[in-house]
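Quick note: numbers below take in every heavy atom, side chains included, and nothing from hydrogens, waters or symmetry partners.
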Amino acid sequence: MIFNTYWFILFAAVVMPVYWLLRKPVLRLPFLAIACVVFHYHFAGPAGMAPIIALGIVTYLLALTRNRTACALGIVLSVLVLCFYKYIHFFAGGVLGMINPAWGPALETTARHLLPGVALATDKIYLFVPPLGMSFFAFEFVHYLYEVRKGAAPLKNPLQFLLFAIFFPSLVAGPIKRFGQFIPALQEGAERVGTTDVADGLRRVAMGFIKKVVIADNLTLAIAFYEPQFATLDHLSRWFVFTLIAVRILMDFSGYSDIAIGLARLLGIKLPENFNWPYAATSIQEFWQRWHISLSSWIRDYVYIPLGGNRHGIVRKIFNGLVAFALVGLWHGPAWNFVIWGLYHGVGLAVCSNYAALPGVGPRLAKVLGAHPRWCWAATQLFAWLGWLLFFYPVPRALELAGMLFK
């Protein structure tokens with residue numbers, strides 16, 4: 001984790017007091033921009049920054065045109081850059097390689113020629129490792145261009161756009177920002193940072209470190225110890241390890257978000273919440289309204305709704321949901337288990353949102369479940385927690401572990 005490195009702790013110990021002492025926006029914002037560039041350069045290096053700089057400049061200039069076609073081309077470019085840097089090996093080996101074994105190596109060879117001077121090691125192309133925060137850059141640029149294409153005013157101030165693009169607290173693990181919310185919050189923080197902001201920020205950062213470093217990282221060690229011997233554990237111990245997996249991912253993801261939100265608050269800037277007690281959800285719809293909120297709402301607004309949402313009948317609604325959740329899974333990593341995990345939730349959401357419409361049994365089942373919310377909670381959490389096995393393990397191993405829970 002970047003936030004618990006000695007370099008970052010020293011970086012934050014210098015940046016925060018200087019930012020507070022500067023007081024005026026005309027000084028604070030340029031200083032914050034310099035700090036963000038230093039942060040990005042340190043952790044990404046020149047090779048990691050180059051594609052982001054190029055994509056950012058193109059995004060900024062295309063948005064200034066306010067031309068719908070230009071913005072659409074920028075959206076396509078952001079998606080293609082994301083696919084190239086994050087998913088090239090997945091497409092080459094996992095997709096094309098399944099169709100024709102010769103196509104995968106051919107694609108990687110072609111890409112290598114397009115990028116002369118790329119260093120190779122163990123047949124892996126280092127430059128294909130995605131730049132720091134590539135998914136967040138791409139999603140935020142797509143959001144920005146999409147909103148400008150719909151009529152929102154573009155950011156004419158390059159300093160504001162730079163800070164929107166590389167704001168260091170949210171660069172590594174989000175939340176995914178919306179420029180219409182972020183720019184006013186940025187300006188407000190530049191004008192005034194109160195003691196309440198600092199106190200709330202410190203408390204949130206401390207909470208995030210406790211979740212991530214104290215709880216999640218130690219649970220990771222425990223799970224790594226017990227998972228190989230899962231088959232030899234008694235039934236109760238298996239369910240205990242299963243529970244640890246669910247707790248660990250919540251503490252890890254929400255801990256990262258807490259630290260990012262807290263760091264921003266120390267600068268007087270309020271970022272959107274990303275988690276809201278998801279393990280209290282009593283339906284899969286509610287779970288996704290509480291889990292990784294900035295991602296699920298982004299997918300809803302920029303994938304599901306543009307595909308047609310629920311406006312074209314139940315079959316199209318289910319299809320759109322499956323596409324959206326497949327992308328949710330793929331966003332987490334270039335591997336089939338993430339895609340399957342996303343589709344698993346897509347199917348679950350389709351069932352959960354449509355079962356009441358089934359003739360005969362649907363209304364009666366909905367009435368029974370409505371009268372017993374604890375059953376709904378238990379079913380929702382069991383479904384979500386079983387999904388974490390698909391998230392963390394290859395599909396065959398996930399199914400094996402799930403099967404052992406019910407033996």
Side-chain angles (χ1 to χ4, degrees), residues 1-61 63-64 130-141 143-144 154-194 197-198 201-202 204-205 208 256 259-272:
M1 182 178 78
I2 284 176
F3 291 144
N4 69 346
T5 61
Y6 290 119
W7 187 94
F8 179 77
I9 293 172
L10 179 61
F11 168 83
V14 172
V15 168
M16 297 300 177
V18 173
Y19 179 87
W20 297 332
L21 290 172
L22 290 175
R23 294 187 176 277
K24 294 184 178 181
V26 70
L27 298 175
R28 276 181 171 171
L29 292 181
F31 172 75
L32 182 57
I34 293 171
C36 291
V37 171
V38 170
F39 173 91
H40 198 195
Y41 182 85
H42 177 80
F43 288 108
M49 290 189 71
I52 301 305
I53 292 171
L55 186 61
I57 291 173
V58 170
T59 299
Y60 173 74
L61 295 176
L64 287 180
L132 181 68
M134 186 69 241
S135 297
F136 293 97
F137 281 114
F139 274 35
E140 290 178 356
F141 288 167
H143 142 73
Y144 175 62
L155 297 174
K156 295 182 180 180
N157 186 330
L159 183 60
Q160 288 184 337
F161 180 81
L162 175 66
L163 286 167
F164 167 68
I166 62 169
F167 184 60
F168 76 83
S170 64
L171 187 63
V172 180
I176 300 171
K177 305 185 300 298
R178 309 260 180 138
F179 81 101
Q181 300 169 340
F182 177 74
I183 298 303
L186 175 68
Q187 194 62 39
E188 182 179 347
E191 291 173 356
R192 186 190 68 83
V193 181
D197 294 312
V198 175
L202 289 173
R204 196 66 179 269
V205 169
Y256 257 117
I259 296 171
I261 291 169
L263 289 170
R265 190 65 187 273
L266 287 171
L267 299 167
I269 300 167
K270 294 181 180 180
L271 292 180

(Q) Which label fits F164 and F182: parallel for a plane angle under 30°, tilted from 30 to 60°, or perpendicular past 60°? (A) tilted

Taking every heavy atom of V14 against every heavy atom of V18, the minimum-distance pair comes out as O-CG2, 3.2 Å

Could you tell me if the side chain of F141 sits less than 4.5 Å from the side chain of V58, heavy atoms only? no

In short, side chain to side chain donor-acceptor pair (under 3.5 Å) pairs touching residues 15-30 with sequence neighbours left out are none

The reported gap from CZ in F179 to OH in Y144 (rounded to nearest 0.5 angstrom) is 6.0 Å

Smallest heavy-atom separation, P175 atom then S170 atom, equals O-CB, 3.7 Å

**Heavy-atom side-chain proximity of Y60 to P154 below 4.5 angstrom** = no

In this structure, CG of L132 is separated from CG of L171 (nearest 0.5 Å) by 5.0 Å

How about L55 and M134: do any of their side-chain heavy atoms sit closer than 4.5 Å? yes

The reported gap from CD1 in I52 to CZ in F137 (rounded to nearest 0.5 angstrom) is 4.5 Å

For M16 and L263 the tightest heavy-atom approach is CE-O, 3.7 Å

Query raised in the report: Would F8 and V172 satisfy side-chain contact (heavy atoms from CB on, under 4.5 Å), going step by step from the backbone distance to the final call?
Result: CA-CA 12 Å; F8 179 77; V172 180; over 6 Å; no

task = Side-chain contact test, heavy atoms from C-beta onward, threshold under 4.5 Å: evaluate it for L64 versus F161 and give yes or no.
result = no

query: Is there a side-chain contact (heavy atoms from CB on, under 4.5 Å) between L266 and R204 once you walk through the steps?
result: CA-CA 10 Å; L266 287 171; R204 196 66 179 269; over 6 Å; no

CG (L186) and CG (L271) are apart, to the nearest 0.5 Å, by 10.0 Å

When rounded to the nearest 0.5 Å, the distance separating CG of D197 from CG of L202 is 11.0 Å

When every non-hydrogen atom of A190 is compared with those of P25, the smallest separation belongs to O-CG, 3.5 Å

Quick note, salt bridge (Lys or Arg N to Asp or Glu O under 4.0 Å) partners involving residues 175-191, not counting sequence neighbours, are E140-K177, R178-D301

Q. Please walk me through it: do F3 and V205 pass side-chain contact (heavy atoms from CB on, under 4.5 Å)?
A. CA-CA 10 Å; F3 291 144; V205 169; over 6 Å; no

In this structure, CD1 of I2 is separated from CD1 of I259 (nearest 0.5 Å) by 11.5 Å

Before giving the answer on side-chain contact (heavy atoms from CB on, under 4.5 Å), spell out for F31 and V15 the whole-Å C-alpha distance, their side-chain angles and the decisive distance to 0.1 Å. CA-CA 9 Å; F31 172 75; V15 168; 4.0 Å; yes

On a heavy-atom basis, the closest approach of A12 and P17 is O-CD, 3.9 Å

Donor-acceptor list for residues 33-45 side chains, cut-off 3.5 Å, not counting sequence neighbours:
residue, atom, partner, partner atom, Å
H42, ND1, W7, NE1, 3.4

